[in-house]
Amino acid sequence: MLGAMQDWELRASLLIDHAAREHGSREIVTRWNDGSESRTNWAELRGDALKMVQALKRLGIEKGDRVATLAMNHGPHLVSWYGATGAGAVLHTINPRLFDEQLVYIANHAEDRVLIYDSAFQEIVDRLKPQWTTIEHYICFDNGEFADWIGAEDGEAEWVTGSERDPCMLCYTSGTTGNPKGVLFEHRSNILHTYAAIMPQCADLNSRSCVLPVVPMFHANNWSFPWAAAAVGAKLVYCANNDPANLCDLIEREDINYLAGVPTVWLSLTQHCEAQGMPLPPTITHAVTGGAAMPRSTIEKLMRAGIRIAHAWGMTETSPIATIAFEPHDFDLMTFDEQVTIKARQGKALFGVQLRIVDLGDPSKELPRDGETSGALQVRGPWVLKRYFKGEEDCVDADQWFDTGDVALIHPDGTLQLTDRTKDVIKSGGEWISSVELENAAVAHPAVAEAAAIGIAHPKWDERPLLVVVKKPGMDVSADELRKLLTGKVAKWWLPDAVEFVDEIPHTATGKISKKDLRERFRDYRLDG
Ligand code: AMP
């Protein structure tokens, strides 16, 4: 016997229909690179997306076909999210910062038929066009091209219907080895994830939120903001230039109260405000962060400014939010330090996601949630990946557990604490050293702009930590001072054997510290045995 509720397929078009109907005049603002701004709203966006549905049909795009974008954050890019998925196609957001080789591989692997791109990436397009074997149509977002393309249609169209399990978005994630892998989101997985994301206990997004997602639209579903903001009628502000002075100006001008970005964004924003002798923008009430560990010192600064931090952990493969550090029932009774500790951890599983840690060498052995034992983090749930796009086999075990490649411990109260990436842990004398904890402790020094710890081969201990540090402009700190600072904060045998000061630490295409490049750079580094 089935239940007796209505038959609704959970598709992305429900979100934009809802936003247009219930929050039609709520704005979507874009600040372009030249500083000019353009404005639309949810109702207009729906109209434009329907025109795009017609325009795609005219190009012969059919259900399941891939429509790619190579673009930064802006309103027309958002139109393409709803336009492509509303046409039953799969929107493939490509990261323009990838190497040529990867850009060629992923567009061909995805079999993209259309590419819509920013004129800023015209050079990439011209260069790679001969190698992209499946793209038939190139449309530029700027120079009036995209507007003319959809503007030729009347918008009298219907969304393409289908199953909620149809694919909806495609996003490639570059692992540390091999070719990038495609994560194929479904309409249903996105909608379920949206419900979870807007919970007060999660990102606490609501109709009063005026959100600036600094995270790129090509990264991990844009942390779900295009969907979640539509669900609650939030105002969305997009901006291509993430220079902190520009962000501060935009925040003030648009009354932004909600900002989402990786820790480096928060670091540069707090450092900018400190250097200018000004407080953090007072309108900001909500901060979402994730993608990398957020240093405790930055969390403290935001909390002192009265900002509620939603520190999330997730990955492209988990749509992306899986856990979030929300306030437990006794949060107000805690000391400030205890509260910071809660926020510095990666939080608890959202309803819909399950977590466990298993032995690094033996995944069949589940480890206790004792706050001490760390192991390989595994997750499962309806918005967690089962198989990579075109993968030959599932990448989950028989019980659907997906190995995240992260190393973590789980505290008795259920809070998750990431200690490393499986590939980044430093193994010294058979014991694990968390590079993340060393980095967090180091960036607490006022003269440290950024820090990264990597393992260096050691004749006796196998590996020992090297701390690589970027100093803040005009400030100084010595290796000894840093070692002193770390003493007491981490176990004595974790203290880095050496500290190297550099001008810049390499970052990945998504703005994270690239340990792979750093290890390569220090490949021949020798520690005294
Ligand atoms: P991506 O798929 O590019 O979003 O990368 C996901 C990876 O980023 C995760 O597997 C973690 O290694 C890392 N990550 C995400 N969120 C956090 C966080 N809050 N703290 C530490 N690392 C994180």
Side-chain angles (χ1 to χ4, degrees), residues 93-95 97-98 102 106 169-176 180-185 193 202-203 213-225 260-267 287-296 298-299 302 309-326 341-350 353 355 357 374 376-379 383-385 388-389 395 402-410 415-425 434-440 443 452-453 507-516:
T93 49
I94 304 182
N95 180 348
R97 297 182 194 135
L98 295 173
Q102 295 170 313
I106 64 173
M169 300 279 296
L170 178 62
C171 191
Y172 280 73
T173 161
S174 34
T176 40
K181 298 191 189 96
V183 180
L184 192 61
F185 305 106
H193 180 269
C202 183
V214 181
V215 55
M217 291 179 81
F218 52 76
H219 183 213
N221 229 335
N222 197 218
W223 289 3
S224 179
F225 284 106
V262 291
T264 42
V265 168
W266 289 107
L267 263 176
V288 177
T289 192
M294 178 84 153
R296 199 180 161 93
T298 314
I299 292 183
L302 299 192
I309 303 171
H311 177 191
W313 167 82
M315 55 200 310
T316 309
E317 287 88 336
T318 62
S319 295
I321 311 175
T323 71
I324 196 121
F326 54 81
T341 299
I342 291 285
K343 294 289 182 175
R345 291 182 191 156
Q346 281 73 12
K348 292 199 192 200
L350 285 179
V353 173
L355 311 174
I357 46 168
S374 66
L377 176 63
Q378 300 190 333
V379 287
W383 58 84
V384 176
L385 171 109
Y388 287 102
F389 183 49
C395 48
F402 171 74
D403 193 290
T404 64
D406 283 323
V407 183
L409 47 89
I410 302 178
T415 52
L416 177 74
Q417 185 179 342
L418 248 73
T419 51
D420 235 317
R421 292 285 299 160
T422 317
K423 293 184 182 66
D424 293 342
V425 281
S434 160
S435 63
V436 173
E437 282 195 39
L438 289 176
E439 291 155 11
N440 281 347
V443 291
H507 290 95
T508 65
T510 49
K512 297 178 194 181
I513 291 175
S514 172
K515 295 279 175 82
K516 196 168 77 171

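Indexing begins at 1, ligand by ligand and atom by atom, following the structure's order.
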Taking both backbone and side-chain atoms of [X], is any N or O found less than 3.5 Å from an N or O belonging to ligand 1?
{"X": "Ala220", "result": "no"}
{"X": "Thr316", "result": "yes"}
{"X": "Thr404", "result": "no"}

Identity and distance of the protein heavy atom lying nearest [atom]:
{"atom": "atom 4 (O) of ligand 1", "answer": "His219 NE2, 3.2 Å"}
{"atom": "atom 21 (C) of ligand 1", "answer": "Ala293 N, 3.2 Å"}
{"atom": "atom 18 (C) of ligand 1", "answer": "Ala292 O, 3.5 Å"}
{"atom": "atom 12 (O) of ligand 1", "answer": "Asp406 OD1, 2.6 Å"}
{"atom": "atom 8 (O) of ligand 1", "answer": "Lys512 NZ, 2.8 Å"}

Do you see a donor-acceptor pair shorter than 3.5 Å between the side chains of [X] and [Y]?
{"X": "Glu317", "Y": "Tyr388", "value": "yes"}
{"X": "Ser435", "Y": "Lys515", "value": "yes"}
{"X": "Arg345", "Y": "Thr323", "value": "no"}

Inset, instruction - Report the part of Gln346 in contact with ligand 1, treating N, CA, C, O as backbone and CB onward as side chain, heavy atoms under 4.0 Å; options are side chain, backbone, both, neither. - result: side chain
Inset, instruction - May I ask whether Gly405 places a heavy atom under 4.0 Å from ligand 1? - result: no
Legend entry - ligand 1 contact by Gly291, heavy-atom criterion under 4.0 angstrom: yes
